[in-house]
Number of protein chains: 2
Amino acid sequence: MTRKRFDEMGCSVACALNEVGDWWSLLVVKQAMLGTRRFVDFQHNLGIAKNILCNRLTRLVDNGVMVRVDVGEHGKRYEYRLTDKGRDLFTVVTALRQWSERWNGEKDSMQLVDRQTGEPLAPVTVQNQQGQTLTVRDVRFVDEDGKPLEEAG
Amino acid sequence: MTRKRFDEMGCSVACALNEVGDWWSLLVVKQAMLGTRRFVDFQHNLGIAKNILCNRLTRLVDNGVMVRVDVGEHGKRYEYRLTDKGRDLFTVVTALRQWSERWNGEKDSMQLVDRQTGEPLAPVTVQNQQGQTLTVRDVRFVDEDGKPLEEAG
DNA sequence: CCAGAAAGGTTGCATAACGAAACCAAATAA
DNA sequence: TTATTTGGTTTCGTTATGCAACCTTTCTGG
């Protein structure tokens, strides 16, 4: 009767959520993107309990999203850093942030800007090969043979 | 000692996760994007317990992500459909799906294609105003006055 | 070098969330 | 009319989360 995990559902989204869909996980990743690396800093910046933070960091490390780097002179001082896989979640986190801002208004005093130009980012969108923006209604779900997937039944 | 929610953290990402970050929530949204509308269909397609599904649907409706539409002749037959706000999560779900496929391989027999051309979608990316792709290292986090945010301390 | 603080946990306990199955009323199908 | 489907709610056992206390190793100040 353990909580059902999403790894054996044959679905990429489920698989992703299995790795970063726990309560707090994506916030830890977001915080790491802001530059936080130390255990105590995550703790204070997020207001998360130590045991939960410990669990989430371990889990993220196990899933290859972060790495624990030994920075103490004689060990026992660590930094948690994003891996390439973890940094690649930037799209997801940014999409979530923008979605929230669009529908719930600015909840964040912080803004994201292009380091080069200082301009705000463009909205993250789903696009086709030609760069045209697509909504969920502009796509089809097909199986491996290209046959349309009829669902909902 | 109730579970800490993310609505009062002054962070857009946290606010978003507060609405769709519960276990199962985003999978329900994804399933809705595949065309599922009925309670029983969500239940069977996802393999979720009825009480949890009930809770998540209610929560999604409360948060304006879905609506419950009465489709029975005399009431008591419902459909759950995505609102505009819900459909706007397409970017998030697609980014998650692609992230999983990039780092964990194809876990999905299903593919997403442009309805017009039949071609697979382009990778979702964060871009600046000029359409150039940005990584997390190409952005800066600034406060309302444009001053850089020094974090992690 | 020594005392004390800080980092990075672990443990125990109370409460909330989750999962499975049973149960139930209204609406529909046979 | 009876059976079945839909869309739940209830109950109960297990797991997850939150908080505080504690613990060991490493740094810091003197």
Side-chain angles (χ1 to χ4, degrees), chain A residues 1-9 14 17-28 31-32 36-63 66-81 152-153, chain B residues 1-9 14 17-28 31-32 36-63 66-81 152-153:
Chain A
M1 226 175 291
T2 168
R3 183 168 69 162
K4 195 175 285 185
R5 306 255 23 153
F6 299 146
D7 42 356
E8 298 297 337
M9 292 180 66
L17 289 171
N18 198 53
E19 295 192 342
V20 296
D22 291 291
W23 205 237
W24 289 109
S25 286
L26 222 41
L27 281 185
V28 170
Q31 194 62 42
T36 301
R37 295 179 163 190
R38 302 297 289 268
F39 190 92
V40 282
D41 295 331
F42 281 107
Q43 205 197 319
H44 293 134
N45 287 323
L46 291 174
I48 181 177
K50 296 173 77 169
N51 51 350
I52 307 298
L53 175 58
C54 199
N55 176 286
R56 293 304 123 90
L57 285 171
T58 303
R59 211 159 197 326
L60 288 169
V61 168
D62 287 348
N63 288 325
M66 303 188 78
V67 276
R68 193 168 87 148
V69 181
D70 205 320
V71 295
E73 292 290 303
H74 316 294
K76 202 76 162 116
R77 232 60 164 188
Y78 308 109
E79 281 188 1
Y80 291 88
R81 303 187 194 167
Chain B
M1 225 175 289
T2 170
R3 180 168 70 163
K4 194 175 286 186
R5 304 254 30 152
F6 299 148
D7 42 357
E8 298 297 337
M9 293 179 66
L17 289 170
N18 198 53
E19 295 192 341
V20 296
D22 291 292
W23 206 237
W24 289 108
S25 285
L26 222 41
L27 281 185
V28 170
Q31 194 62 42
T36 301
R37 294 179 164 191
R38 302 298 289 269
F39 188 93
V40 283
D41 295 331
F42 282 108
Q43 205 197 320
H44 293 134
N45 288 323
L46 291 174
I48 180 177
K50 297 173 76 170
N51 50 350
I52 307 298
L53 175 59
C54 199
N55 175 284
R56 292 304 122 90
L57 285 172
T58 303
R59 214 161 194 325
L60 288 169
V61 169
D62 287 348
N63 287 325
M66 303 187 80
V67 277
R68 192 168 88 148
V69 180
D70 203 321
V71 295
E73 292 290 301
H74 316 293
K76 201 75 163 118
R77 232 60 167 188
Y78 308 110
E79 281 188 2
Y80 291 89
R81 303 187 194 166

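Letters go in sequence order (proteins before strands), and every chain restarts at 1.
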Worked check of side chain to side chain contact (heavy atoms under 4.5 Å, CB included) between B:Glu8 and B:Asn18: CA-CA 10 Å; B:Glu8 298 297 337; B:Asn18 198 53; over 6 Å; no
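Among the heavy atoms of the strands lying under 4.0 Å from A:Asn51 is at least one base atom, whether or not backbone atoms are also near. Residue A:Tyr80 is classed as a sugar-phosphate contact, given heavy-atom separations below 4.0 Å to backbone atoms only.
Counting heavy atoms from C-beta outward, B:Asp41 and B:Arg37 have side chains that stay 4.5 Å or more apart. Side-chain contact between A:Lys4 and B:Ile52 is absent, with no heavy atoms from C-beta onward closer than 4.5 Å. Side-chain atoms of B:Arg5 and B:Asp22, non-hydrogen and from C-beta on, do get closer than 4.5 Å to each other.
Across the interface with DNA chain D, nearest-nucleotide mapping of B:Gln43 and B:Lys4 shows B:Gln43 to be the residue nearer the 5′ end. When each of A:Arg5 and B:Arg3 is assigned the nucleotide of DNA chain C bearing its nearest heavy atom, the one mapping closer to the 5' terminus is B:Arg3.
Atom CG in A:Leu57 sits roughly 14 Å away from atom P in D:dT17 (whole-Å rounding). Following rounding to the nearest Å, A:Phe39 (CZ) and D:dT25 (P) show an atom-to-atom distance of 17 Å. A:Ile48 places its CD1 atom 16 Å from the C1' atom of D:dA20, with the value rounded to the nearest Å. Atom pair A:Leu46:CG and D:dT17:P shows a separation of 15 Å (rounding to whole Å applied). B:Ile52 has its CD1 atom 13 Å from the C1' atom of D:dG13, to the nearest Å. Counting to the nearest Å, the P atom of D:dG8 and the NE2 atom of B:His44 are 14 Å from each other. Note: CG (B:Leu53) to P (C:dA21) measures 16 Å, nearest angstrom. Spacing between atom CG of B:Asn55 and atom C1' of D:dT11 amounts to 16 Å, rounded to whole angstrom units.
With hydrogens and angles disregarded, a donor-acceptor distance shorter than 3.5 Å links the side chain of B:Asn63 to the backbone of B:Arg59. Side-chain N or O atoms of A:Arg68 include none that pairs as donor or acceptor with a backbone N or O of A:Thr58 at under 3.5 Å.
Checking C:dG8, C:dG19, D:dT9 against the side-chain heavy atoms of A:Lys50 singles out C:dG8 as nearest. Checking D:dG7, D:dT17, C:dC18 against the side-chain heavy atoms of B:Tyr78 singles out D:dG7 as nearest. Listed nucleotides: D:dT15, C:dA17, C:dG9. Nearest to the side chain of A:Thr2: D:dT15. With C:dG19, C:dA17, C:dG9 as the candidates, the nucleotide lying closest to the side chain of B:Ala49 is C:dG19. Checking D:dT17, D:dG18, C:dG9 against every side-chain atom of A:Trp24, the shortest atom distance belongs to D:dG18. Across D:dG7, D:dG18, C:dG9, the shortest atom-to-atom separation from the side chain of A:Arg68 is found for C:dG9. The side chain of B:Trp23 lies closest to C:dG19, out of D:dG8, C:dG19, C:dG9. Side-chain proximity of A:Val40 to C:dA17, C:dG9, C:dA7: nearest is C:dA7.
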Please list, for nucleotides 28-30 of chain C, all pairs of protein and nucleotide N/O atoms separated by less than 3.5 Å.
from   : atom 1 : to      : atom 2 : distance (Å)
C:dT28 : OP1    : B:Glu73 : N      : 2.9

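Going from atom CZ of A:Arg81 over to atom OG1 of A:Thr36 covers 13.0 Å, rounded to the nearest 0.5 Å.
OP1 or OP2 of C:dG8 sits under 4.0 Å from a side-chain N or O of A:Arg38.
The aromatic rings of B:Trp23 and A:Phe6 sit parallel to each other, their planes meeting at less than 30°, with 60° as the upper class boundary.
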